[in-house]
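Here the structure is laid out as structure tokens; the discussion comes afterwards.
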Amino acid sequence: MEHLIEITDVSFGYEDIPVLENVSLNIFEKDFVLVIGPNGGGKTTLLKLILGIIKPWMGSIRIHRDVVGRVGYVPQFASFNRNFPISAFEMVLTGCINAQNYFGKYKKDDIEKTNRILEKVNLYARRNENINDLSGGQIQKVLIARALVSEPLVLLLDEPTASIDITSKTSLLDFLNELNEKMTIVAVTHDPTPFALTYRHIACLNKNLYFHEKGELDAHILEYVYGCPVELLGHGVPHTLLKKH
Amino acid sequence: MTVENILSYEFMQNAILTGIMASIICGVIGPFIVTKRMVFISGGLSHTALGGLGIAYWLGVKPLYGATAFVLISAGIIGNLKEKISDLFIGILWAVGVAIGIIFIHMTPGYAPDLMAFLFGNILMIPRADVIITFILVLIVTLPVFIFYRGFVSIALDEEYARARKLPVRALNMGLIILIALSIVTLIQVVGIILVIALLTIPVAVASEISLSFKRIMLLSIGFGIVLCLSGLFISYLLELPSGASIILIGGILLILVKGAKRLSSHHRTIVSK
């Protein structure tokens, strides 16, 4: 199977400080890759490199020709300007904007797509509400809907379960599972617990990256990546949890 | 004196036209300044105008041309600053601009008759030729905002996401700063260098108390801008007060009234719901 995204020996840093060193990662079609690691380990940087927002110091990132321009992005929860007055509908609609159409008016098709996606994430009834009046879980769904409106083949999510309650996490992961039937998902998180039943491959990132099949991950690798003691708890299903320490 | 009599004066017609055009600029650019937190940048730009003004006096050319050149050069510098150091350098530009202005005005022999008008604004002294220049500036500022509205909204809402969508974020940011610079040049004639920031932000602050939609805030800001400019203009004419200060003071009072009314109405709703 051809890789949709091929990251080969990539190194990158900010100013003179290296953040990623010799990182290699291949992502397949309809894969669900979970990238875990401590805060500051380079997870968001890796997503920005895939998106082309920043260029690697060394190494290469190859995006399959079918996927070029069809990589959706859900940034961290608090990254957008909360001071900007905007409704859920308008926020999702901005997902239609790209380098070719940032001038002029929205098309009828953009509006129809936005309404369809808002229905899919169960937020159609609240589409005219200000984004700040929605709950954390609903805002996260709006941000995912904004990425989906551009009809991506690969969806990159940065800490999608941070800042939302447990019920919303469950509903969000069910939704991501459903999306994974049609598209590739790459999620980065410092807390892999909510994703235990969802991911297919896991990559541990803390400047260097270690790639594993599901089930291969053990406490030794996690302790190395997080730099602290870790205990794994079995839950009767192939399910991995990090114990609080 | 009847309203008809007042309106028959050419200086009054010029003032009304300029006030309406200034309000359009306030409504179109102000919401971007407020939501993108560019008030400090705008303050820096407006004060650097004094440097251009001083040099223009010294050279004996039209002060507005000097101010425009200086504000545009400053916009170019600010647009190229790295985010980490931008605050520091905007503050320095602000002070250096004022210092250059003071020195060149001091070096210019004789009396500078319209210096006070540029510092504090005098909408009643705008000649017909400047009304036409203002009209051209309004077109130059508003047309790009209408054409690139989606791009400007994208960078104001979520710059990182705009980068991920491959939008020309740097060019859009630079474009926005240049449009702010041109807006400032236009508004300096109405309220002066010192008060220009208030005119760009007060109508938006009032509109934001009433609506949570960006487009509606734009339209309401234009409306409130017109109310402020025209009421300030008539009050300054009738009571012989400085026009720029009258406009801003009415704006301040309006903001307090709207905020007070909103608080009272929410307090009333809480009591009713209990």
Side-chain angles (χ1 to χ4, degrees), chain A residues 14-15 44 47-54 68-107 110 128-133 142-143 146-147 149-150 152 154-158, chain B residues 27 30-39 82-85 142-176 179 201 204-221:
Chain A
Y14 295 102
E15 289 168 6
T44 302
L47 293 188
K48 287 183 180 175
L49 284 161
I50 296 172
L51 287 161
I53 295 175
I54 47 178
V68 172
R70 296 193 68 182
V71 179
Y73 178 44
V74 183
Q76 280 191 33
F77 186 80
S79 73
F80 72 91
N81 178 3
R82 300 294 284 263
N83 194 33
F84 194 93
I86 194 163
S87 68
F89 174 82
E90 289 167 324
M91 177 65 119
V92 176
L93 196 59
T94 61
C96 299
I97 304 171
N98 59 40
Q100 281 77 46
N101 67 2
Y102 61 91
F103 37 82
K105 280 180 154 186
Y106 287 106
K107 291 180 196 148
D110 295 334
N128 293 324
E129 285 183 36
N130 186 278
I131 190 102
N132 290 322
D133 292 337
V142 168
L143 297 180
R146 178 178 68 168
V149 83
S150 63
V154 178
L155 188 62
L156 308 180
L157 301 109
D158 194 350
Chain B
F32 285 105
I33 294 174
V34 173
T35 56
K36 214 170 176 304
R37 299 181 190 278
M38 295 171 90
V39 176
K82 284 188 179 166
E83 209 179 323
K84 264 186 189 174
I85 52 159
T142 52
L143 282 179
V145 174
F146 282 115
I147 295 168
F148 298 106
Y149 177 77
R150 299 204 296 181
F152 287 134
V153 164
S154 293
I155 59 161
L157 174 65
D158 194 342
E159 225 174 88
E160 188 182 306
Y161 190 74
R163 279 199 186 92
R165 300 290 294 155
K166 307 273 189 278
L167 264 70
V169 171
R170 204 177 142 83
L172 285 166
N173 268 323
M174 181 57 96
L176 191 57
L179 294 179
T201 51
V204 184
V206 178
S208 302
E209 293 292 328
I210 294 169
S211 177
L212 285 172
S213 149
F214 192 72
K215 273 186 186 163
R216 245 175 275 149
I217 287 174
M218 276 181 144
L219 290 172
L220 282 170
S221 301

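All chains are named by letter (A, B, ...) in the order of the sequence lines, taking the proteins before the strands, and each is independently numbered beginning at 1. Computed from a predicted model, the values in this text were never measured in an experiment.
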message: Counting only non-hydrogen atoms closer than 4.5 Å, does A/S87 touch chain B with its backbone (N, CA, C, O), its side chain (CB onward), both, or neither?
response: neither
- prompt: Can you tell me how far CG of B/L179 sits from CZ of B/F152, rounded to the nearest 0.5 angstrom?
  reply: 5.0 Å
message: I'd like to know which of A/C96, A/S150, A/G52 tops the heavy-atom pair count under 4.5 Å against chain B.
response: A/S150
task: Report the relative orientation of the aromatic rings in A/F84 and B/F214; use parallel for angles under 30°, tilted for 30 to 60°, perpendicular for over 60°.
output: parallel
field: Check: B/F148 and B/R150 side chains under 4.5 Å, non-hydrogen atoms
entry: no
Chain B contacts, top residue of A/G72, A/G104, A/A147 (heavy-atom pairs, under 4.5 Å): A/G104
- prompt: Under a 4.5 Å heavy-atom cut-off, does chain B meet the side chain of A/R146, its backbone, both or neither?
  reply: both
- line: When every non-hydrogen atom of B/L220 is compared with those of B/A207, the smallest separation belongs to CB-CB, 3.6 Å
message: Would you compute the distance between atom CZ of B/R170 and atom CZ of B/R163 and round it to the nearest 0.5 angstrom?
response: 9.5 Å
- prompt: Taking B/I217, B/L167, B/V169 one by one, which has the highest count of heavy-atom pairs under 4.5 Å against chain A?
  reply: B/L167
message: For a quick test of reading the model, state the closest non-hydrogen atom pair linking B/D158 to A/P75 and the distance between them.
response: OD2-CG, 4.0 Å
field: Structural part of B/K36 lying under 4.5 Å from a heavy atom of chain A
entry: backbone
message: Quick check on A/K105 against chain B: is it the side chain, the backbone, both or neither that has a heavy atom closer than 4.5 Å?
response: backbone
- prompt: For chain A, which of B/L172, B/L157, B/I147 has the most heavy-atom pairs under 4.5 Å?
  reply: B/L157
message: Could you check whether any side-chain N or O of A/K48 sits under 3.5 Å from a backbone N or O of B/A164, counting only pairs where one atom can act as donor and the other as acceptor?
response: no
field: Interchain contact, A/N130 with chain B, by part (heavy-atom threshold 4.5 Å)
entry: side chain
- prompt: So what's closer than 4.5 Å to chain B heavy atoms on A/N101: side chain, backbone, both or neither?
  reply: both
